[in-house]
Peer 1: 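Have a look at this one.
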Amino acid sequence: MEFSTKAGTPDRIKSGCVVVGVYADGKLSPAASLVDAAANGALTSAAKRDDLPVKRGAILMMTGVAGLATERVLVVGLGKRDELKTKGLAEATRAAVKALDASGAGSALFTLAEASIAGMSAADNVRTVILAAREALFRSDELKSQKEDAGSLTKIVFPVEKLEAPAIAASIAMATALANGCELTKRLGNLPPNICTPTYLADTAKQIAKDWDLKAEILDRKQMETLRMGSFLAVTKSSAQPPKLIVLTYSGGKSKEAPVVLVGKGITFDTGGISLKPGDSMDEMKYDMCGAGSVLGTLRAVAEMGLKINVVGVIPTCENMPGGDAARPGDVVTSMSGQTIEILNTDAEGRLILCDALTYSERFKPAAVIDIATLTGACVIALGHVNSGLFTQDDELATELLAASKTAGDAAWRMPIEDDYQEALKSNFADMANIGGRPGGSITAACFLSRYTKAYRWAHLDIAGTAWKSGANKGATGRPVPLLTAFLEARAA
Ligand code: BES
Ligand code: MN
Ligand code: ZN
């Protein structure tokens, strides 16, 4: 899909279809009024017949309309004007784009992004429209021998006034970069675990480095042994797939500027290990690498945006498999930090690979470290599938991340993490246990990680409930790439 601008009014620019909005009370958007006037009141007549879509996301495709540079007009319901927010505009856009794609129109002149709609600027609306359009057209059919129908739509054009054209063009470039990042994250998440292995993630990092001029360094098992990553190595022990520690460096900022480090959980399949998971929807544990996927997607987005900031992605990636050589409940391992861990449940493996990656991250003398992980089922119980869980003792960092979450429309909720919860991790035989029992399970998991993050400012995002959707529309969401990218954009500014 190509997005561009064209100077002119929506009635005069040639395209396969002009897309206009109408509110629930029948009031036309400014662009719709203009189109209506040029088309001899075609929309007003349709309104008289009660044909205009009232509900948000409902559509009316009119063909053979005279007086315009195109014969197709797609009228899209925007719902109630005072209730139309960014989310509503995205909803209307998805409906419009799906209808366009099925219509035969190759290009569309899209007016739903005009200023004042949803109470936002045209540049903000263009971003919303692009992300929603890309989402509506996203398909996961690369492994189907019969591809889903390609659809007709290849071009969306935003009509602009000459003066605003550069700002809109910049907004298109930024939104496209973000959509590309989100799509990479979704694609990696959706790929099956026999294809998306630790090696595949490492190769993807190398490819990003090559395409966007980053530096990729891939550490193998030997190097992890040298670093004494005893915790990470315990998880990967009985997997036939070799583990990787991916370090992907983007240097968009000044050479001496401390980087933001993003650490992503990359369990390409989580069986639970010897503490085997029940069989129900175990396939969804292919999504246990979505933290890693979001780090790769964010770095791709940030690089394409050319943000003036330094970012390092650190991805510990392996499988969690049972087997004759697997870690046992009761094993005590020594992490890279020197702290010992009693593994009471091999299914609490995310924290075991993350703790060594967090210790490793000290070497970058980071401005801040954010880890992103599908860490706990308990977080899904606490927050459902709406908010990602944000854990940090650092109030300023929390404020920054929550602001980015708002800007991006990528919800996150701050969870408690005070020291009183640490008690649950007490072990009789090691410095700590790797589980804290069922109460506050997402908090004690965060507490475990906090023991490895004393050297820098740190926040943890538990995305177990938000990284993918189950059910009929099963698929990765690309979250929290929008949040992370907005956070880095704000820091770069
Ligand atoms: N990857 C899972 C967490 C998870 C479970 C995410 C379900 C999304 C949906 C993680 O490795 C895990 O198994 N966590 C355990 C921890 C427990 C053993 C303390 C969990 O949440 O049950
Ligand atoms: Mn697990
Ligand atoms: Zn896991």
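Start at 1 and go down the list; that is how both ligands and their atoms are numbered. Below, all heavy atoms of this structure are taken into account, side chains as well, without hydrogens, waters or symmetry copies.
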Peer 1: Need the atom name: nearest N/O/S atom of D270 to the Mn ion (ligand 2).
Peer 2: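 Nearest N/O/S atom: OD2.
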Peer 1: When you measure from atom 2 (C) of ligand 1 to every protein heavy atom, which one gives the shortest distance, and what is it?
Peer 2: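 Result: D270 OD2, 3.6 Å.
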Peer 1: Write out the residue and atom name of the closest protein heavy atom to atom 4 (C) of ligand 1, then the distance separating them to 0.1 Å.
Peer 2: G377 N, 3.8 Å
Peer 1: Suppose I only count heavy atoms of I435 and a 4.0 Å limit; which atoms of ligand 1 are within that range?
Peer 2: 19 (C)
Peer 1: Please verify whether a non-hydrogen atom of E284 lies at under 4.0 Å from ligand 1.
Peer 2: no
Peer 1: If you measure every N or O of D347 against every N or O of ligand 1, does any of those distances drop under 3.5 Å?
Peer 2: yes
Peer 1: Within 2.8 Å of the Zn ion (ligand 3), is there any N, O or S atom belonging to I267?
Peer 2: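 No.
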Peer 1: Return the residue, atom name and 0.1 Å-rounded distance of the protein heavy atom closest to atom 9 (C) of ligand 1.
Peer 2: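 Nearest neighbour among protein heavy atoms for atom 9 (C) of ligand 1, to 0.1 Å: M285 CE, 3.6 Å.
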Peer 1: As an exercise, identify every atom of ligand 1 less than 4.0 angstrom from a heavy atom of E349.
Peer 2: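 In order of numbering, the contacting atoms are 11 (O).
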Peer 1: Report the nearest protein non-hydrogen atom to atom 1 (N) of ligand 1: residue, atom name, distance rounded to 0.1 Å.
Peer 2: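 Minimum-distance protein heavy atom for atom 1 (N) of ligand 1 reads D288 OD1, 2.8 Å.
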Peer 1: Is there any N or O on T376 that sits under 3.5 Å from an N or O of ligand 1?
Peer 2: no
Peer 1: Protein non-hydrogen atoms only, distance under 4.0 Å: does atom 14 (N) of ligand 1 have such a neighbour?
Peer 2: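 Under 4.0 Å from atom 14 (N) of ligand 1, at least one protein heavy atom found.
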Peer 1: Quick one: nearest non-hydrogen protein atom to atom 18 (C) of ligand 1, plus distance?
Peer 2: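 Residue, atom and distance for the closest contact: N345 ND2, 3.5 Å.
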Peer 1: What residue and atom, counting heavy atoms only, is the protein's closest point to atom 16 (C) of ligand 1, and at what distance?
Peer 2: R351 NH2, 3.9 Å
Peer 1: Any idea which atoms of ligand 1 are less than 4.0 Å away from a heavy-atom of K265?
Peer 2: 1 (N), 10 (C), 11 (O)
Peer 1: Report the angle formed at the Zn ion (ligand 3) by atom OD2 of D270 and atom OD2 of D288, rounding to the nearest 10°.
Peer 2: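 So the angle at the metal works out to 90°.
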Peer 1: Could you point out which residue of L390, L375, T392 forms a side chain to side chain contact (heavy atoms under 4.5 Å, CB included) with H460?
Peer 2: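 When side chain to side chain contact (heavy atoms under 4.5 Å, CB included) is applied between H460 and each of L390, L375, T392, only L375 qualifies.
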Peer 1: Can you find an N/O atom of A464 closer than 3.5 Å to an N/O atom of ligand 1?
Peer 2: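 Between A464 and ligand 1, no N or O pair is found under 3.5 Å apart.
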Peer 1: Using a cut-off of strictly less than 2.8 Å, determine whether D347 has an N/O/S atom near the Zn ion (ligand 3).
Peer 2: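 No, D347 does not qualify, because none of its backbone or side-chain N, O or S atoms lies under 2.8 Å.
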Peer 1: If you check every N/O/S atom of E349, which is the one nearest the Mn ion (ligand 2)?
Peer 2: OE1
Peer 1: Return the closest protein heavy atom for atom 10 (C) of ligand 1 as residue, atom name and distance.
Peer 2: L375 O, 3.3 Å
Peer 1: Has ligand 1 got any nitrogen or oxygen that is less than 3.5 angstrom from a nitrogen or oxygen of W468?
Peer 2: no
